[in-house]
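Read the structure below first, then the notes.
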Amino acid sequence: MSSQVEQLEAALKAAIGRAISNGEISGQSPHSITLERPKNRDHGDYATSVALQLAKAAGKNPREVAQIILNQLKGLDSISALDIAGPGFINITLNRSSQAELISIILKAGKDFGHGSALAGVRINLEFISANPTGPLHLGHTRWAAVGDALGRVLSAAGADVTREFYINDRGNQMDLFGASVEAAALGKAIPVDGYQGQYISDLAAQVVAGNPAIISLPEDARHPAFREAAYAVQLKDQQRVLDNFGTHFDIWFSERSLHDEGAVEHGVEKLRTKGHVFEEEGATWLRTTDFGDDKDRVLTKSDGSFTYFSSDTAYYINKRERGFDICIYMLGADHHGYVGRLKATAACAGDDPEYNIHVLIGQLVKIMEGGQEVKLSKRAGTIITLEELVEKTGVDAARYTLIRYPVDTPMVMDIDVLKRNTNENPVYYVQYAHARITAVLRNAAELKISVDLKGFDSSQLTHDRENELLGKLAEFPRVVASAAEMRQPHRIARYLEDLAGTYHGFYADCRVLPMGEENATPLHIARLLLCTSTKVVIANGLDLLGVSAPERM
RNA sequence: GCGCCUGUAGCUCAGUCGGAUAGAGUACCCGCCUUCUAAGCGGGUUGUCGCAGGUUCGAUUCCUGCCAGGCGCGCCA
């Protein structure tokens, strides 16, 4: 894949190893060498600062160390120039035609280009959204609906075996209150104190009654659960429909009730008890999470014998691990960050490594602007914005892309008015436009009956600076995907795509791709068309990782 | 009080395991479509990287303290 980079890294490492065994440098060989792409193109295609890092232990100045490494670094025909710059950076310039070989690598890999094996064999449970089935999904869920889905795709691309899971909080007081609210609405009675308000409750009531008119005349003690269950079913189905429309799909919808029905909660408590972190006090059963850094111990079973919400969470974690997942990723809103400590402590209590087996991502809240004003979200005032409404206003691609584009630990502001615009203020269009533009060029090539085939590819044709720049950018894609997966940051893909799109537009402006007029297609035209095709593949693959479409025309 | 997140250009934000002259978009000014999608390209202007110390060849990045903003700290769910 990016084998050139890997080869270079290996060659550097070998060169350092030889210098050390010669005694030219003292110290240890670093466990890994990182090549970076310099911001400034005068610094070559790749650069490394190993010489600076080794200088101290070697007792020599960094430029000397760099020279020693270079002396050992011979016989790589893919390199056209090696320079020592500044305090001791080694700058590497690749042989251009060798760099152009990337095109055949991309075209042969196709949809798989960018995929890697860093997480091969790792089973990951990715849990996100996990809303109560007591109302529509709103803005607070929307960020995760987009980012969680993209992260799932990115982790899969890194080779992980990913299961996306939605935990349905379908148990407890809130469900009863929800049922009672819908029931009251159906019967024309007042909504209970602390009950659920809003138009959607009346709508649900109407749907429930329409689906089963006899429900109203049930005796009271049968009517109450009947309303709760019917409303639950309708609301859950609605959430599933909205997410499906948003392009976010789950492998498992996991019911909290099912944990209790199958005795998993008791099982979880017993398992923790065998690990020695459970104790009884004041009639309640506790988990000593303070053994592992939590700020207070947590109750598993209340003094009245019933289970706490925390006990469900604990049991659910244990259940996931027993189902064979190596890593459990939780994506929570900032208003739940207080749970991180106890979740990690729970994992530790279960005998797991909280640094590896569990990973909690905290997403800061999203603010929304419309008409130049912040929309204050308030259930009481009826100004909640649902995921569905957001999509209606902006479209799936713009909403998803914008939500994914920022790291989740920064609070973000979504400006609805900007998202509605089809301009460059809306970066999704910038990227999509590049894809559509390439597609148009390739369409025209097909009409001219130019055969765009690797057989006719002469890599030495690509000598223009713009071509070189574009090739370099394409070569970065696999590393971007790998780091997005490793750091759980899908926004890196989006930023990369914007960068790549910009590089392509620059190439397009300066390099004519198709023959003009009656001109025949030359090897240069073919090579450029193949470069375009490669770029199209990478943009499409990147957008796919975000769940955003790659349009053929715009 | 304790804990988590944030503070980078007028605005919205990137910034790879600590690297070279801190970057995009937007806004503002100036150029570029008698041949491939101008939703584009090129050029110009914009910085106390919140403040103060520390670690080192080197800090926007790591550590400590402080300032400002957001959020959270139930035998609730």
Side-chain angles (χ1 to χ4, degrees), chain A residues 32 34 36-40 42-43 47-49 52-53 55-56 61-62 85-89 91 132 134 169 171-175 177 256 281-286 295-296 298-304 306-310 312 333-341 362-365 367 369 405-413 415 418 421-427 429-430 432-434 436-445 448 476 479-480 483-484 486-487 489 491-492 494-495 498-499 501-502 504-517 519 528-529 532 553-554:
Chain A
S32 69
T34 47
E36 47 194 73
R37 293 205 54 95
K39 290 168 197 163
N40 187 334
D42 295 339
H43 297 147
T48 178
S49 60
L52 291 126
Q53 289 156 16
K56 194 172 190 185
N61 88 51
F89 291 98
N91 293 337
N132 294 326
T134 56
N169 295 122
R171 191 174 169 277
N173 294 342
Q174 293 304 312
M175 287 301 289
L177 212 47
E256 183 187 354
E281 192 174 291
E282 295 172 20
T285 303
W286 298 67
D295 43 4
K296 57 188 78 165
R298 307 290 169 177
V299 172
L300 288 165
T301 314
K302 299 184 215 172
S303 48
D304 66 3
S306 61
F307 290 112
T308 59
Y309 188 82
F310 174 66
S312 296
D335 51 343
H336 286 84
H337 76 250
Y339 294 90
V340 177
I362 296 297
Q364 297 299 313
L365 305 180
K367 279 187 196 170
M369 303 279 290
R405 202 175 165 251
Y406 303 97
V408 293
D409 47 15
T410 43
M412 65 168 289
V413 179
D415 189 327
V418 168
R421 265 175 238 154
N422 289 1
T423 71
N424 271 359
E425 291 168 82
N426 209 345
Y429 289 106
Y430 186 75
Q432 289 183 320
Y433 181 69
R437 200 178 212 188
I438 296 170
T439 310
V441 172
L442 296 176
R443 216 164 27 229
N444 295 339
L448 294 171
E476 286 177 46
R479 305 173 110 199
V480 171
S483 72
E486 185 190 348
M487 304 176 85
Q489 292 185 334
H491 81 275
R492 287 169 185 281
R495 298 292 171 163
E498 290 166 30
D499 200 9
Y504 180 79
H505 288 312
F507 156 79
Y508 180 89
D510 287 354
C511 297
R512 174 77 199 188
V513 177
L514 294 173
M516 304 232 256
E519 209 183 346
R528 285 181 172 169
L529 278 164
C532 288
R553 298 170 198 269
M554 287 174 77

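Order of the sequence lines sets the chain letters (A, B, ...), proteins ahead of strands, with each chain counted from 1. Bear in mind that the values here come from a model prediction, so they are computed numbers and not experimental data. Quick note: numbers below take in every heavy atom, side chains included, and nothing from hydrogens, waters or symmetry partners.
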Shorter than 3.5 Å, N or O on both sides, protein versus nucleotides 28-31 of chain B: list them out with atom names.
none

Thr308(A) side-chain N/O to Leu300(A) backbone N/O, donor-acceptor pair under 3.5 Å: yes

Length of the CD-P vector between Gln489(A) and rA14(B), whole Å: 10 Å

N/O donor-acceptor pair, side chain Asn91(A) with base rA20(B), under 3.5 angstrom: yes

Out of rA39(B), rA14(B), rC57(B), whichever nucleotide has its closest atom nearest the side chain of His491(A): rA14(B)

C1'-based separation of rG18(B) from rG58(B) [nearest Å]: 8 Å

Near-parallel close stack of Tyr430(A) and rG25(B) base (under 5.5 Å, under 30°): no

Distance between C1' atoms of rU46(B) and rU26(B) (Å, rounded): 13 Å

Separation of the P atoms in rC4(B) and rC49(B), to the nearest angstrom: 26 Å

Base orientation of rC33(B), syn vs anti, 90° cut from 0: syn

Tyr406(A) side chain, from C-beta outward: closest of rC41(B), rU37(B), rC13(B): rC13(B)

Involving RNA chain B, stems made of at least three consecutive Watson-Crick or G-U pairs, both distances under 3.5 Å: B:1-7 with B:67-73, B:10-13 with B:23-26, B:28-32 with B:40-44, B:50-54 with B:62-66

Shortest side-chain distance from Leu514(A), nucleotide among rC57(B), rU6(B), rC36(B): rC36(B)

Ring-on-base stacking rC41(B) with Tyr508(A) (under 5.5 Å, under 30°): no

Length of the CZ-P vector between Arg495(A) and rG23(B), whole Å: 16 Å

Reading 5' to 3' through nucleotides 69-77 of chain B, protein heavy-atom contacts under 4.0 Å coded B for base, S for sugar-phosphate only, - for none: --BSSSBBB

Verdict with reasoning, Phe507(A) to Tyr504(A), per ring pair (Phe, Tyr, Trp, His ring centres under 6.0 Å): CA-CA 5 Å; Phe507(A) 156 79; Tyr504(A) 180 79; 5.6 Å; yes

Any Asn444(A) side-chain nitrogen or oxygen under 4.0 Å from OP1 or OP2 of rU35(B): no

